[in-house]
Every structure is written in structure tokens, then in C-alpha cells.
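This report concerns only the one structure given below.
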Amino acid sequence: PSTIGIAGQLSTINSATEAIFSVVMGFLAIRFRHKPLFLAGVLLIAAAALGNFLAPTFLTMQIFFALEGIGTVLIAVTGITLLGDMLPSDRKSKAVSYTVSATFLSVTTGSLVIGYITSLGGWRYSFLLYALPISIICFALAYIGIPKASQATPVVIRRESYFKGFKQVLLNKSAFSCIVSQ
């Protein structure tokens, strides 16, 4: 098998896991506090980076790529949600635009750094020398920088209103476009 085909399979596993877990996140984001979900996502990405570096087989790598997909969805959904929870209305859109811009900038610069690391020691080292340290730094910054949620009693959501909310989001063109773009 070609290396391009293998890389494509790993990307497909990652994307499929992200698509499936995005639906699950709709339920988790309502049921659990956002900071622990965000931190769990960062830890999953760190575990996936270490696992991919050490993976002895292609099947093991597929599992870790799926794990990374779950972590990515946890971070993407809860990150934007945390911005919405913590910032006043007049600052939310700017913060989200900066976050999305920073994501694209990190992909661009990350590609260059990963290419350099790969030329020095092989493709596996990009997990160990790039993804893992960034995940650890991100975890530390998020742990310190994201305030604890208030200890107020969680809002009880009835099943009917819960599904009505999903329906409203799916029928709203702007909200639906945001979901699809993620």
C-alpha cells in the first residue's frame, strides 16, 4: 500500500470520528461543565500524540487518530462555548473571529514546523516534538486561565425543550452554517 493511501485512511478515520462525536457533543455540552470537557479534549490530543509516536501497528494508529478526533471536537465545541459564556455580548464575535483565525494560522505554521521536524528525525517525531508539547502547554494555560464555573444549581432541561432547541439550531441558516463549517 502507498503511504499516501495510508495517510488518507488515517485522515478518514479522524474525520469520521469527528463527525460522529460532534453529534454526541450536543448532549455532552448540555450535561457537563465546559471547562472539564475542554481539558479532557486537550488530554485526549496529548494521549493521541504520544500514542501515535509509540504506535506499533497501523490499527493502533487508527485508534489514536480516532481519539485525536474526539479531542478536537471537545476543544472546538467547548472552546467557542466558553467564549460565549465568559465574554460580554459586544466582545464575543471578535473573540470567535480571533480564535478561528488563530486556528488557521497554527495549521499553516504547524505544517512548516512539522515538515522541518520530519526532515530531522522522521514523521513520528512530529507527534512527540510538536503535538505533545503544544497539548501540554495548552492544558496548563487552560487549567489556569479558564475560570471555574459557578457552583449554581444546573438548569433542568425538559426533554421536549431540549429537542426543540436542536430543531431551532438546525432550522436557523446562520447557526446551521456555523455547525457545517466546523
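Small disclaimer: the values here were computed from a predicted structure and weren't measured.
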*Taking atom CZ of Phe58 as the centre, does the number of heavy atoms from other residues, nucleotides or ligands within less than 6.0 Å exceed 12?*
yes

Please report the interatomic distance [atom1]([X]) to [atom2]([Y]), rounded to the nearest 0.5 Å.
X      : Y      : atom1 : atom2 : answer
Lys148 : Tyr143 : NZ    : OH    : 6.5 Å
Leu37  : Lys35  : CG    : NZ    : 12.5 Å
Leu120 : Leu129 : CG    : CG    : 9.0 Å
Leu43  : Ile136 : CG    : CD1   : 9.5 Å
Asn52  : Leu54  : CG    : CG    : 9.5 Å
Ile114 : Thr109 : CD1   : OG1   : 9.0 Å

Do the side chains of [X] and [Y] join up, straight or via other hydrophobic residues, at under 4.5 Å, putting them in one cluster?
X      : Y      : answer
Phe32  : Leu44  : yes
Phe21  : Ile45  : no
Leu112 : Ile134 : no

For residues 63-87, dump all side-chain donor-acceptor pairs below 3.5 Å to protein atoms at least two apart in sequence or in another chain.
unit_1	atom_1	unit_2	atom_2	d
Glu68	OE1	Asn14	ND2	2.4
Glu68	OE2	Thr72	OG1	2.6
Thr72	OG1	Glu68	O	3.0
Thr78	OG1	Leu74	O	2.4
Thr81	OG1	Val77	O	2.7
Asp85	OD2	His34	ND1	3.0

*asked:* Evaluate Leu132 against Phe127 for side chain to side chain contact (heavy atoms under 4.5 Å, CB included), listing each step before the verdict.
replied: CA-CA 6 Å; Leu132 185 60; Phe127 294 111; over 6 Å; no

_Quick check: do Thr17 and Ile13 have side-chain heavy atoms less than 4.5 Å from each other?_
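With C-beta onward as the side chain, the pair touches.
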
*With side chains defined as the heavy atoms from C-beta onward, is the minimum distance between Val42 and Phe38 less than 4.5 Å?*
yes

_Exam field: side chain Ser119 to backbone Tyr116, donor-acceptor pair closer than 3.5 Å_ = yes

*Identify which one of Tyr130, Tyr125, Trp123 satisfies the side-chain contact (heavy atoms from CB on, under 4.5 Å) criterion when paired with Thr118.*
Trp123

